[in-house]
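One structure is given below, encoded as structure tokens.
Computation of the quantities below employed the complete heavy-atom set of this structure, encompassing side-chain atoms and omitting hydrogens, waters and symmetry-equivalent molecules. Numbered from 1 within each chain, the chains take letters A, B, ... in sequence-line order.
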Amino acid sequence: MRDEDLPGLLLDWYDRHARDLPWRIPPGSNAAPDPYRIWLSEVMLQQTTVAAVKSYFERFATIWPTVQDLAGAEDAAVMAEWAGLGYYARARNLLKCAREVASRGGFPTDYESLLTLPGIGPYTAAAISAIAFGQPSVVMDGNVERVMSRLHDEHTPLPQAKPILHSHAAALTLRTRPGDYAQAVMDLGATICTPKSPACGICPWRDPCRARAAGTQGELPKKTPKKPKPTRLGIAYVAIREDGAVLLETRPDKGLLGGMLAWPTTDWSDDPAPAPPLDATWQDTGTEARHTFTHFHLRLAIHTATAPASAEPHRGVFVPRADFRPSSLPTLMRKVWDLTPETLRRL
DNA sequence: TATACGTGGTC
DNA sequence: TGACCAAGTAT
């Protein structure tokens, strides 16, 4: 098996097995990819599964069919539509990027220019230039790292191995069909060369794969062990006015859940100081929302209060119940609402 | 180079 | 059930 045969082998497989995805131009189609849809899908797919992205992509593409439409959207509308997808800096950067692209009249086509846009890093710049503009960029994501580590039986742990794996990937990236090739390697990683129990028997690269020959595919890629997650504590304050309005605030742009609608809370720490957003008689419901973020566990106690029509909160604004959509909250805050006693939620 | 940054599925 | 993991980026 010669190295130059590998891309062709993979493209043959992709021609027969490419998944049908809402943002994808099927192999063999003459249609031109829409850079806006490619960009939108790639940003959504950062550290996020295809299954989670699909419905969000459909909604965004329907509400804002072009980058000009998105550039003209209200910040709050975009954040509300992104709620539940996670990594909210992506949504803030999405809007910044849309406005920059719209003002310059379209997406740049080359890797270096794409890299300067907000929310577009090495992976996304390579993916857009390859998939939307047919450039032979080296597309490196978690899938490609895993596939390359196995193909070459590379035991150096990540992230140390990144340069080695990148050079392996670069050696396979050709001028022919770079967009299809990039998607093919990622599809291979997502559906066959999976992290656990890869389906080597049906892999188009089973013969050249060095890890398969050595029987090491299940242990690759090696990774440096992760730190344990600490547990932090906090209190979420759910205030409901006599007319049913709920007290919410928009979190600061920087930091966790930045820019998202949320119940006022204390700090999240070992021993948070109480910080009720309203002078009222607060009740401890005795229940807590448990949530795990990337780097810590959180236990958020839920305190509730009812407020008169004249109530003036220190923080946040009362949102009329008719305008309140739990689906516009990030998942942690939606959990808090779901755990709030039914008798209060019905007020 | 290391850390902050979400969420849901899987085993 | 808890740890791992996913089409990463910003700082």
Side-chain angles (χ1 to χ4, degrees), chain A residues 18-19 21-24 37-57 79 82-94 96-97 114-128 130-132 137-147 158-160 162-163 169 179 181-191 193-198 218-219 221-232 251-260 262 268 289-298 327 329-335:
Chain A
R19 289 181 290 173
L21 303 174
W23 49 86
R24 175 172 286 174
R37 293 169 65 91
I38 300 301
W39 163 72
L40 179 59
S41 67
E42 290 301 343
V43 172
M44 288 183 167
L45 286 163
Q46 290 166 5
Q47 293 288 285
T48 310
T49 58
V50 165
V53 164
K54 272 185 179 170
S55 66
Y56 282 86
F57 177 85
M79 300 313 286
W82 196 278
L85 197 55
Y87 283 139
Y88 298 101
R90 293 185 295 173
R92 302 193 299 274
N93 284 328
L94 190 80
K96 278 189 208 160
C97 184
L114 286 162
L115 200 51
T116 67
L117 291 167
I120 297 185
Y123 162 76
T124 307
I128 295 172
I131 299 169
S137 307
V138 182
V139 176
M140 280 302 289
D141 73 335
N143 287 305
V144 182
E145 287 176 353
R146 184 171 59 256
V147 170
L158 285 168
Q160 198 187 332
K162 279 174 185 281
Y181 173 75
Q183 293 176 90
V185 195
M186 293 190 284
D187 266 22
L188 188 73
T191 63
C193 196
T194 50
K196 291 171 187 170
S197 39
E219 348 172 339
K222 301 273 194 195
K223 298 196 174 180
T224 51
K226 291 173 181 164
K227 290 182 181 175
K229 295 184 205 293
T231 296
R232 297 187 193 167
R251 293 175 61 88
D253 269 357
K254 298 273 183 185
L256 210 54
L257 309 182
M260 297 303 291
W268 304 343
R290 293 186 176 221
H291 195 74
T292 297
F293 293 101
T294 313
H295 50 299
F296 65 94
H297 304 289
L298 178 65
S327 66
L329 299 175
T331 298
L332 165 64
M333 299 298 167
R334 195 171 39 69
K335 281 185 187 175

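- For A:K335 (side chain) and A:R290 (main-chain N/O), a donor-acceptor pair under 3.5 Å exists by modelled atom type.
- Between A:H291 and A:F293, the two ring planes are perpendicular [angle over 60°; tilted spans 30° to 60°].
- Side-chain N/O atoms of A:H291 include none lying less than 4.0 angstrom from OP1 or OP2 on B:dG6.
- At a cut-off of 3.5 angstrom, counting only N and O atoms as typed in the model, there is a donor on one side and an acceptor on the other between the side-chain of A:T48 and the base of B:dG6.
- With a cutoff of under 4.0 Å to any heavy atom of chain A, the contacted region of DNA chain C is bounded 5' to 3' by C:dC5 to C:dA10.
- Here A:R146 lies in heavy-atom contact (under 4.0 Å) with sugar-phosphate atoms only.
- Taking atom P on both C:dT9 and B:dG8, the two are 22 Å apart, rounded to the nearest angstrom.
- For A:A125 and A:H297, each mapped to the nucleotide of DNA chain C holding its nearest heavy atom, the one lying further toward the 5' end belongs to A:H297.
- With both ends at atom P, the span from B:dA4 to C:dA7 equals 23 Å, rounded to whole Å.
- A:T292 comes within contact range of at least one nucleobase, with a heavy-atom separation under 4.0 Å.
- Residue-level contact check: A:G84 touches the backbone only, with heavy atoms under 4.0 Å from sugar-phosphate atoms and none from bases.
- Shown here for A:D187 and A:A18, the closest heavy-atom pair between the two residues is OD2-CA, 4.0 Å.
- B:dT1 atom C1' lies 15 Å from atom CG of A:L158, rounded to whole Å.
- Among the atoms of the strands shown, only primed sugar atoms or phosphate atoms (P, OP1, OP2) are found under 4.0 Å from some heavy atom of A:K223.
- As rounded to whole Å, 10 Å separates atom C1' of B:dA4 from atom CZ of A:R232.
- Along DNA chain B, the nucleotide nearest to A:P159 and the one nearest to A:T331 differ in position, and the one closer to the 5' end is contacted by A:P159.
- Side-chain N/O atoms of A:H295 include none lying less than 4.0 angstrom from OP1 or OP2 on B:dT3.
- The nearest pair of heavy atoms linking A:V43 to A:R90 is O-NH1, 3.1 Å.
- If you take atom P in C:dC4 and the same atom in B:dT3, they sit 16 Å apart, rounded to whole Å.
- Atom pair A:Y56:OH and B:dG6:C1' shows a separation of 10 Å (rounding to whole Å applied).
- Across all strands shown, A:L21 has heavy atoms under 4.0 Å from base atoms, whether or not it also approaches the sugar-phosphate.
- Atom CG of A:L85 is separated from atom P of B:dG9 by 13 Å (rounded to the nearest Å).
- Remark: A:K162 NZ is loosely packed, at most 12 non-hydrogen atoms of other residues, nucleotides or ligands lying under 6.0 Å away.
- Residue contacts shown for A:L257 are limited to sugar-phosphate atoms, with no base heavy atom under 4.0 Å away.
- Residue A:K227 is classed as a sugar-phosphate contact, given heavy-atom separations below 4.0 Å to backbone atoms only.
- With the nearest nucleotide of DNA chain B identified for both A:A52 and A:K196, A:A52 has the one nearer the 5' end.
- Going from atom NZ of A:K229 over to atom P of B:dT3 covers 13 Å, rounded to whole Å.
- For A:W82 and B:dG6, the CH2 to C1' distance is 11 Å, given to the nearest whole Å.
- Note on ring orientation: taking the six-membered ring where Trp is involved, the planes of A:F57 and A:W23 are perpendicular (angle over 60°, cut-offs 30° and 60°).
- B:dA4 atom C1' lies 13 Å from atom CH2 of A:W268, rounded to whole Å.
- For the pair A:T224 and A:P159, the minimum side-chain heavy-atom distance is below 4.5 Å.
- The interatomic distance linking A:K162 (NZ) with B:dA2 (P) rounds to 12 Å, in whole Å.
- In this structure the side chain of A:M260 never reaches within 4.5 angstrom of the side chain of A:L329, judged on heavy atoms.
- Residue contacts shown for A:G255 are limited to sugar-phosphate atoms, with no base heavy atom under 4.0 Å away.
- When heavy atoms are screened at a 4.0 angstrom cut-off, A:R19 is found touching base atoms of the nucleic acid.
- Contact annotation: A:Y88 reaches the phosphate of B:dT7 (side-chain N/O to OP1 or OP2, under 4.0 Å).
- Here A:E42 contributes atom CD and A:I120 contributes atom CD1; the two are 10.0 Å apart, rounded to the nearest 0.5 Å.
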